[in-house]
Amino acid sequence: MNTNSIEKLNGSVNVTIHKNYFKKDDTNHARVQRTTAGMDNVIALVCEKSNLFDKASLVAAQMLFKDAILDLLQQGAAVNLFELGTLYPCSQGSINSNNPSPTEIPPLTLGFTPAQVSLEAVSKATVSMSQLAETHPVINLIEDLSTHKSDFSLSLSKPVRITGRRLKIAGDTSETGLYFAPHNDQGLIDETEADWIRVEDAAFFKNTSTFLEFILPASLSPDTSYSLVIKTASGRGKTVNKTVRKLVFDKTITIN
């Protein structure tokens, strides 16, 4: 979240807990949910601590400091930012030469080394809330594209669209996929997956994080109720995780 109004910020740190998919144990890691304070928020705090300067003067000074810092960075200098840490130019990428010319040097970027006083300040921040991050697929809508109905009744061998989040099917085809799990007489599915019907990869014409579009398998039976099951190891971007995440949709699917 960003805020640019000239006001004082009050708050604490929220974190989300994420599974570490690079390890097989129950290791998790925390990600801080940032609230980004703008210079206007800094100015508000300065005015609260001192009446020597008015807001207009501080806003003008802010612009002058900004321009001066940019000039120094353009000259290739590192800049100590108010004794809080050092902003410095650095090179990114590799060089495929023992004697590179200036044009072969990778583009420059910026790094930042915090000062000890900054590290001590952030260590005093209070964590007010932590919660497990949502990682499993979420289905918001299932639509029969031949009838445009979304009543969980689908037409045999016709196109279907599923809308939601974290839907993309990825990973080992023996462990992942989109399945129709038939209900038994008690309305339950077979957890051994022995009778589950998997939608073939070739049946998909869209497989993204927010949309799954496919042709409904002809092997489904109009006399049977099904649960829709998604099993995927899809991660961020094109990443495939080691852990398979599973969703059993809580609405019954019927076939026309």
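Worth knowing before you read on, the calculation uses all heavy atoms, side chains too, and leaves out hydrogens, waters and symmetry mates.
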According to a hydrophobic-cluster definition based on side-chain heavy atoms being under 4.5 Å apart (Ile, Leu, Val, Met, Phe, Trp, Tyr only), do L145 and I253 belong together? no
What's the separation between atom CD1 in I255 and atom CZ in F152, rounded to the nearest 0.5 Å? 13.0 Å
Looking only at heavy atoms, what is the nearest atom pair of W196 and I189, with distance? CZ2-CD1, 3.8 Å
Specify the closest pair of heavy atoms between V117 and E83, including all atoms of both residues, with the distance to one decimal. CG1-O, 3.6 Å
Should we count CZ of F65 as having more than 12 external heavy atoms under 6.0 Å? no
How far apart are the closest heavy atoms of A233 and T176, and which atoms are they? N-CG2, 4.0 Å
Test L212 against every option in I162, V199, I139 by the side chain to side chain contact (heavy atoms under 4.5 Å, CB included) rule and name the one that passes. I162
If you take all heavy atoms of K168 and T232, which pair is closest and at what distance? O-OG1, 2.5 Å
Between D172 and S174, is any side-chain donor less than 3.5 angstrom from a side-chain acceptor? yes
Connected via hydrophobic side-chain network under 4.5 Å: L72 and L108: no
Under 3.5 Å donor-acceptor, D67 side chain and L64 backbone: no
Just how far is it from atom NZ of K158 to atom CD1 of I215, taken to the nearest 0.5 Å? 8.5 Å
Find out if a path of hydrophobic residues (ILVMFWY) with successive side-chain heavy-atom gaps under 4.5 Å connects L220 to F204. yes
Mind checking the CG-OG1 spacing from D223 to T254? Nearest 0.5 Å is all I need. 11.5 Å
Any side-chain heavy atom of L216 within less than 4.5 Å of one from S157? no
Run the side chain to side chain contact (heavy atoms under 4.5 Å, CB included) check on L228 and K251 step by step: do they pass? CA-CA 8 Å; L228 190 67; K251 304 293 184 181; over 6 Å; no
Decide whether L141 and F249 are clustered together by the hydrophobic rule: side chain heavy atoms of Ile, Leu, Val, Met, Phe, Trp, Tyr closer than 4.5 Å, transitively. no
Can you check whether L58 reaches V42 side chain to side chain, under 4.5 Å on heavy atoms? no
Looking at V240 and A170, what are the two nearest heavy atoms and their distance? CG2-CB, 4.3 Å
Pair T243-N241, side-chain donor/acceptor within less than 3.5 Å: no
Between F211 and T163, is any pair of side-chain heavy atoms under 4.5 Å apart? yes
Please name the pair of heavy atoms, one in C47 and one in D54, separated by the smallest distance, quoted to 0.1 Å. SG-C, 4.5 Å
Rounding to 0.5 Å, atoms CG (D195) and CD1 (I197) come to a distance of 8.0 Å
Any heavy-atom pair between the side chains of Q62 and D40 that's under 4.5 Å? yes
Main-chain N/O of T113 paired to T86 side chain as donor or acceptor, under 3.5 Å: no
Rounding to 0.5 Å, atoms CG (L247) and CG (L167) come to a distance of 8.5 Å
Does some side-chain heavy atom of S234 sit less than 4.5 Å from a side-chain heavy atom of R245? yes
With side chains defined as the heavy atoms from C-beta onward, is the minimum distance between I230 and R166 less than 4.5 Å? no
Could you walk me through whether K246 and V244 pass the side chain to side chain contact (heavy atoms under 4.5 Å, CB included) test, one step at a time? CA-CA 7 Å; K246 177 180 175 182; V244 174; 5.5 Å; no
In the single-linkage hydrophobic clustering (I, L, V, M, F, W, Y; side-chain heavy atoms under 4.5 Å), do I169 and V160 co-cluster? yes
Angle class for the Y226/F180 ring planes (parallel below 30°, perpendicular above 60°, tilted otherwise)? perpendicular
Gap separating the CZ atom of F112 from the CG atom of L84, nearest 0.5 angstrom: 6.5 Å
Where do S153 and D151 land on the side-chain hydrogen bond (donor to acceptor under 3.5 Å, both in side chains) test, with the steps shown first? CA-CA 5 Å; S153 178; D151 58 357; 4.5 Å; no
Would the number of heavy atoms belonging to other residues, nucleotides or ligands and lying under 6.0 Å from CD of Q116 be above 12? yes
Has the side chain of S227 got a donor or acceptor atom that lies under 3.5 Å from a matching backbone atom of A181? no
